[in-house]
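In this chain, numbering begins with 1 at the start of the sequence shown.
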Amino acid sequence: MIPPASTPLAAAVLAGGRSLRMGRDKAFLRWKGRRLIDCQLTLLQSLEPAEIFISGRPGIDYGPTGVPVLYDDLPDAGPLGGIAALLGKITAPHLLVLAVDMPAMTAKLLREIAARRESSRGVAPRLGGKWEPLAAVYPRELAGNAKTRLETGHRSLRNLVEEAVAGGRMRPYPVPPAQEQAFFNWNRLEEESLLRFPKMPPDT
């Protein structure tokens, strides 16, 4: 196993979804006075990744983030499409992804997840018997598997993770109860009140 500190890490915000339930692009929702896209980029930048991207939608101006935007090779293929494109682009051996609609995520938890990666093995959080693939670390070697799944119409990201774990290319990260709230997906405007969690761990 290579110590994580010596293993370069790429990072990306997944912002390519159509936000149908929200009714507007989630990337531009305001959270604590800032756009969600900026909040998530700040979290990832705090990990000092070797390279960082936005996985976005064509025709959307994400503003002066200073971060390159990467588009899916196959449009409307869901988060698997974004991850497949990212894995084919990065030069680092690992990719940490973070969904734009997880505003309760913390830098501390992302560091804990990233620190469990190995030389050719990523990390998949598991919560309530299900994988949480939108805040996970993927090894670059999964690029071929992700592309093949897209080309054959198998677009379930959780199935890719399941296959990778079974094959030893990702390891589970059992999410402790105190960290469960960090994986909350903000899908509707009226859910903002649910983000005011009294038991959220400090973002350190």
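The minimum heavy-atom distance linking Asp72 with Gly78 is given by the pair OD2-O, 3.9 Å. Here the shortest heavy-atom pairing between Ala84 and Leu150 reads CB-CD1, 3.5 Å. Closest of all the heavy-atom pairs between Ser46 and Arg111 is OG-NH1, 4.2 Å. A pairwise comparison of heavy atoms in Thr7 and Arg117 identifies O-NH2, 2.6 Å as the closest pair. The minimum heavy-atom distance between Ala15 and Ile37, with the atom names listed, is CB-CD1, 4.0 Å. For the pair Leu36 and Asp101, the tightest heavy-atom approach, listed with the atom from each and the gap, is CD1-CA, 4.4 Å.
Here the options are Val67, Val97, Leu9, Leu96, the test is side chain to side chain contact (heavy atoms under 4.5 Å, CB included), and the partner is Leu44; only Leu96 passes.
Distance check: Gln40 CD to Met102 CE gives 9.0 Å after rounding to the nearest 0.5 Å. Atom CG of Leu47 and atom OG1 of Thr42 lie 12.0 Å apart (nearest 0.5 Å). To the nearest 0.5 Å, atoms CE (Met105) and CG (Leu110) are separated by 5.5 Å. Leu87 CG to Tyr138 OH: the interatomic distance, rounded to the nearest 0.5 Å, is 8.5 Å. Taken from CG in Leu86 to CG in Leu14, the straight-line distance is 6.5 Å, to the nearest 0.5 Å. From Ser55, atom OG reaches atom CG of Leu70 across 6.5 Å, with rounding to the nearest 0.5 Å.
Side chain of His94 to main chain of Glu118: a donor-acceptor pair is present (N/O by atom type, distance under 3.5 Å, no hydrogens or angles). The closest donor-acceptor contact from the side chain of Arg169 to the backbone of Val165 lies at 3.5 Å or more, if one exists at all. The main-chain N or O of Ala124 is never found under 3.5 Å from a side-chain atom of Glu132 such that the two would form a donor-acceptor pair. Checked by atom type and distance alone, the side chain of Gln179 never pairs as donor or acceptor with a backbone atom of Leu109 at under 3.5 Å. The main-chain N or O of Asp38 is never found under 3.5 Å from a side-chain atom of Arg35 such that the two would form a donor-acceptor pair. A side-chain donor-acceptor contact under 3.5 Å links Glu51 to the backbone of Ala92.
When side chains are defined from C-beta on, Phe53 counts as touching Ile90, because their heavy atoms get closer than 4.5 Å. Contact check for Ser156 versus Leu80: no side-chain heavy atoms found under the 4.5 Å cut-off. For the pair Met170/Pro139, a side-chain contact is recorded, criterion being any heavy-atom separation below 4.5 Å from C-beta on. The shortest distance between side-chain heavy atoms of Leu98 and Leu134 does not fall below 4.5 Å. In this structure, the side chains of Pro93 and Pro8 come closer than 4.5 Å at one or more pairs of heavy atoms.
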Begin with the C-alpha distance, continue with both residues' side-chain angles, and end with the deciding distance and a verdict on side chain to side chain contact (heavy atoms under 4.5 Å, CB included) for Val13 and Leu43.
-> CA-CA 10 Å; Val13 175; Leu43 282 182; over 6 Å; no
Going through the checks in order, is the side chain to side chain contact (heavy atoms under 4.5 Å, CB included) test met by Val175 and Phe183?
-> CA-CA 10 Å; Val175 178; Phe183 292 88; 3.7 Å; yes
Could you please spell out the steps behind the side chain to side chain contact (heavy atoms under 4.5 Å, CB included) verdict for Leu157 and Trp131?
-> CA-CA 9 Å; Leu157 183 55; Trp131 301 109; over 6 Å; no
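Residues in residues 141-168 take part in these salt bridge (Lys or Arg N to Asp or Glu O under 4.0 Å) pairs, two or more places apart or across chains: Arg149-Glu163. The stretch residues 56-79 participates, sequence neighbours left out, in these ring pair (Phe, Tyr, Trp, His ring centres under 6.0 Å) pairs: Phe28-Tyr62.
Applying the salt bridge (charged side-chain N to carboxylate O under 4.0 Å, His left out) criterion to Arg140, with sequence neighbours excluded, gives no partner residue.
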